[in-house]
Structure formats: C-alpha cells, structure tokens
Amino acid sequence: MAKEYLEKLSGFVRKAAPDISGDISLECKHFFSGAALYAEERICLSLTPAGLGIKLPEETRDRLLRDGAAVPLRYFAEGPIKKGYALFLGGVAEGSETLHGYVKESIGYVLTLPKPKAKLKKG
C-alpha cells in the first residue's frame, strides 16, 4: 500500500514543483502507511490514507484551517494533531495550482528550519 502512495506523491511533486531541481535535494520515502517528501532532509509533505499533509508557516496554516480549506492533520482518528501541518482531504489533486503553490511554500519554509540531528544506530 505504501508503494502506491510513494508513486502518487512522487508524481504529484514532479508536477507541483518542476522548477525546483538540482539546487535542492528532494526525496520521497515510505512513511507509515504512505509516503513523505523531504527537502534537504526536512519533512514537508506526507500522503497517507488521511490525505495530503503539508507543513506550512503558521500564518498560512492558520488561515487555511480557519477558512475550512484544510483540517488539522491526524494520522489516526483519535491520534494527536500533528503540529505545523494542514491536511487536505481527498489525497492529491494533481491539477490543483493552489496545492502546487502550497508545496512550493512548504519547501521554502522547511528549508528555514534546522536540519534534524542524525540518529545514532544501536549495535
């Protein structure tokens, strides 16, 4: 199932951000029961059965939630809200110029955040 989401997310990102190339490392990886996009090792999108989660600046995210264009991201029905994300229901709308703009905004936003620290492997 995750492979399906990985393929969908990869295709969506190619259409949403075709002008973001060699300067920025973009990588789609398996993520829970879906897939996630990383920009320079920072997660910015996730595509799961819940929908398309996009990490956005607070102002943009709050406006989308307030206007009802998106909902808070929860990976599980009773799970905690994943802070920093807006969830767009219905998965990937590949023809949506609006969503494409949020993808680009997300990539730019996460690049301003610190890189995650490398995890030490046990063993």
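Only heavy atoms go into these numbers, but all of them, side chains included; no hydrogens, no water, no symmetry mates.
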query: Less than 4.5 Å apart, any side-chain heavy atom of F12 and any of H100?
result: yes

- prompt: Which residues pass the ring-ring contact (aromatic ring centres under 6.0 Å, His included) test with Y75, sequence neighbours left out?
  reply: F31, F32

message: Do Y5 and S46 have side chains that approach each other closer than 4.5 Å (heavy atoms only, starting at C-beta)?
response: no

Exercise: identify the closest heavy-atom pair between L87 and G51: CD1-C, 3.6 Å

Pairwise salt bridge (Lys or Arg N to Asp or Glu O under 4.0 Å) hits with a residue in residues 79-88, at least two apart: none

query: Is a side-chain donor or acceptor of R61 paired with a backbone partner of A86 at a separation under 3.5 angstrom?
result: no

- request: Using a strict 4.0 Å threshold on nitrogen-to-oxygen distance, state whether E59 and R63 make a salt bridge.
  value: no

- request: Over all heavy atoms of both residues, which pair between A50 and L89 is shortest? Give the atoms and the distance, please.
  value: O-CD2, 3.7 Å

Indicate every side-chain donor-acceptor pair of residues 104-113 with a distance under 3.5 Å to a residue at least two apart or in another chain.
from : atom 1 : to   : atom 2 : distance (Å)
E105 : OE2    : T60  : OG1    : 2.6
S106 : OG     : C44  : O      : 3.2
S106 : OG     : K55  : O      : 2.6
T112 : OG1    : Y109 : O      : 2.5

field: Hydrophobic cluster of I81, others only, ordered by chain and residue number, side-chain cut-off 4.5 Å
entry: none

field: Over all atoms of both residues, closest heavy-atom pair of I43 and Y85
entry: CG2-OH, 3.3 Å

Set of residues satisfying side-chain hydrogen bond (donor to acceptor under 3.5 Å, both in side chains) with respect to E27, sequence neighbours excluded: none

statement: Nearest heavy-atom approach of L65 to P72 is CD2-N, 3.4 Å

query: With sequence neighbours excluded, what pairs up with K115 under the side-chain contact (heavy atoms from CB on, under 4.5 Å) test?
result: E40, E41, R42

statement: CZ of R14 to CG of L26, rounded to nearest 0.5 Å, is 11.5 Å

message: Is the shortest side-chain heavy-atom distance between L52 and L9 below 4.5 Å?
response: yes

- prompt: Does the pair L99 and F88 meet the rule for a side chain to side chain contact (heavy atoms under 4.5 Å, CB included), with working shown?
  reply: CA-CA 9 Å; L99 278 182; F88 295 86; 3.6 Å; yes

- prompt: Do you know the tightest heavy-atom contact between P18 and A16?
  reply: CD-C, 3.4 Å

